[in-house]
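The block underneath contains the structure these notes are about, expressed in structure tokens.
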Amino acid sequence: MVVVGCQWGDEGKGKIVDVLAGDVHVVARYQGGANAGHTVHAGDDEFILHQIPSGILHPGKRCLLGNGVVLDAIEFGKEYDELEARGIAVEGRVGVSQKAHLVMPYHRLLDQVSEDRVEQKIGTTGRGIGPTYEGKAGRRGLRVSDLAHPDRVTSLVEEGVARARRRAAALGGELPGDVPAMVDEALAAGERLREFATDTGLEIVQSIRDGKRVLLEGAQGTALDLDHGTYPFVTSSSTTAGGAATGSGIGPTVIDAVVGVVKAYTTRVGNGPLPTAFEPDMDEKLRELGGEFGATTGRPRRCGWFDAVLARYAARVNGLTGLAVTKLDVLDTLPEISIATAYRTPEGEAREFPADTWQLGEAEPIYETLPGWEAPTGDVRKLADLPATARRYLDRIEELTETPVQMVSVGTRRKQIIRV
Ligand code: IMP
């Protein structure tokens, strides 16, 4: 089973994965890196996981980071140690693909210098994601398997630093700080990674052969996918369900279900168009109600109405078999709720998500407005117990996306979930 985000990330995948992880044996991440921030509440504790899959909070589950992930060894080490310090038994439960690429300090610094200097800013998380995937596609990256070969590491790192310095200079900047010392620190952290190195694809396929269930956990969302998102305002990996196969080392026929996570409204952090964006007052109101601040960067997220054009597109691109709607409770106090069903564009009415991001930027949503339920939903555990207007809202999402709603999250806690 794959769990993917269907908007611009921050859909609440961490919570859904946490709920579903109870039913599976293995949870694997297949793309992205420390740009992700999956917030999970277990009991009274809040955990924000950037690299280790959310399944780690369930005792005994094996958690893998696939070949499609870019790994920041220092951040990984910190996250691992923090989990252990907070009483989570992590030993023997985490595996890292031998083929995963390492995010090095020069990638991170270059990401930050680029964002400072280029005219068209993407609004990245500054975690070195773009430069690391560039190095991977350029066939000069450093992989986990290289760590056992010091000569190889030295030459790849020397070339990487020199290239990043040249690029920063071409942008009119420089890599700040003591880069060699930072690289040494990263390589020391990398040494520790060697004990986690594994063949993730082999582990997953063997687990399935043994009758075990595997969950592939996506990071970011469909509209941030390198191919299918709002390019160039995207992340540098394949966030969609197709990426789950390449990014974990299995064939697509092994995947039996794709659960798409949508928030009951829309948010976006970073630059690029958000067609259903609210006016400032409503934007602020929803941000407060939903706690819409980035889990990785703390940046305020822009908020807007549910965009069914995007969600229907996500259903198609990912081949969704079901939807998980999150944060329904955030809308509890609103008297009316709108859904964008199509866009008005200079070329006429559009029912499909445009390929051209500038065209999307000019798109004006065509809304359908439904009555709100103006009642608390946080204690509801059965669909039938939701107010009729809330059920109508969910039915409309289901109709417009042509995808059955299988789960509805009505709060941050594990138990605040309706399984349909
Ligand atoms: P990068 O992934 O750091 O290169 O950032 C590229 C774009 O993806 C920016 O708009 C980021 O704000 C966005 N992005 C990256 N990771 C996340 C995430 O986990 N949630 C939401 N947006 C993200």
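Only heavy atoms go into these numbers, but all of them, side chains included; no hydrogens, no water, no symmetry mates. Whatever order the structure lists ligands and atoms in, that order sets their numbers, starting from 1.
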Worksheet item: At a 4.0 Å threshold, what atoms of ligand 1 neighbour a non-hydrogen atom of Asp10?
Response: 20 (N), 21 (C)
Worksheet item: Does a side chain donor of either Thr125 or Arg127 reach within less than 3.5 Å of an acceptor in the other side chain?
Response: no
Worksheet item: Closest non-hydrogen protein atom to atom 14 (N) of ligand 1, residue and atom name please, with distance?
Response: Leu224 CD1, 3.8 Å
Item to complete: Could you grab the distance from atom CZ of Arg29 to atom OG of Ser54, nearest 0.5 Å is fine?
Response: 8.5 Å
Worksheet entry | Asp111 contact mode with ligand 1 (heavy-atom cut-off under 4.0 Å) | neither
Discussion item. With a 6.0 Å cut-off (strictly less than), is the heavy-atom count around CD of Glu284, excluding the residue itself, greater than 12?
Written reply: no
Response to the item:
ligand 1 atoms nearer than 4.0 angstrom to some heavy atom of Val269 are 10 (O), 12 (O), 21 (C), 22 (N)
Worksheet entry | Nearest neighbour in protein (non-hydrogen) for atom 5 (O) of ligand 1 | Thr124 CA, 3.3 Å
Worksheet item: Can a donor-acceptor pair be found between the side chains of Glu203 and Thr198 at a distance below 3.5 Å?
Response: yes
Worksheet, complete the sentence: of all protein heavy atoms, closest to atom 17 (C) of ligand 1 is Gln220 CG, 3.5 Å
Practice prompt. For Arg140 and Glu159, run salt bridge (charged side-chain N to carboxylate O under 4.0 Å, His left out): C-alpha distance rounded to whole Å, both residues' side-chain angles, the deciding distance at 0.1 Å, then the answer.
Written response: CA-CA 9 Å; Arg140 51 176 187 271; Glu159 195 202 321; 5.2 Å; no
Worksheet entry | Numbered atoms and elements of ligand 1 in range of Ala36, under 4.0 angstrom, heavy atoms | 19 (O)
Discussion item. Show me which atoms of ligand 1 lie under 4.0 Å from any heavy atom of Trp8.
Written reply: 21 (C), 22 (N)
Worksheet item: Which of the numbered atoms in ligand 1 are below 4.0 angstrom from a heavy atom of Arg299?
Response: 11 (C), 12 (O)
Discussion item. Applying a heavy-atom cut-off of 4.0 Å, say which part of Thr125 lies close to ligand 1: side chain, backbone, both or neither.
Written reply: both
Discussion item. One thing to verify: whether Asp332 and Lys327 come together as a salt bridge, which I'm taking to mean a side-chain N less than 4.0 angstrom from a carboxylate O.
Written reply: no
Discussion item. Out of the candidates Arg213, Arg419, Lys61, only one should pair with Asp23 under the salt bridge (Lys or Arg N to Asp or Glu O under 4.0 Å) rule; please name it.
Written reply: Arg419
Worksheet item: Can we say Asp307 and Arg268 salt-bridge, meaning some charged N sits less than 4.0 Å from an Asp/Glu carboxylate O?
Response: no
Item to complete: Begin with the C-alpha distance, continue with both residues' side-chain angles, and end with the deciding distance and a verdict on salt bridge (charged side-chain N to carboxylate O under 4.0 Å, His left out) for Arg86 and Glu82.
Response: CA-CA 6 Å; Arg86 291 179 67 181; Glu82 194 195 326; 3.4 Å; yes
Practice prompt. Fit a plane to each ring of Phe353 and Tyr343, take the angle between them on a 0 to 90° scale, and name the class: parallel (under 30°), tilted (30 to 60°) or perpendicular (over 60°).
Written response: tilted
Practice prompt. Would you mind checking which non-hydrogen protein atom is closest to atom 7 (C) of ligand 1, with the distance to 0.1 Å?
Written response: Val234 O, 3.8 Å
Practice prompt. Within a distance under 4.0 Å of any heavy atom of Gly123, pick out the atoms of ligand 1 and give their elements.
Written response: 9 (C), 10 (O), 11 (C), 12 (O)
Worksheet item: How far is atom 2 (O) of ligand 1 from its nearest protein heavy atom, and which residue and atom is that?
Response: Thr235 OG1, 2.6 Å
Worksheet item: Taking the non-hydrogen atoms of Arg127, is any one of them nearer than 4.0 angstrom to ligand 1?
Response: no
Response to the item:
Numbered in order shown, the ligand 1 atoms found under 4.0 Å of a heavy atom of Gly270 are 10 (O), 12 (O)
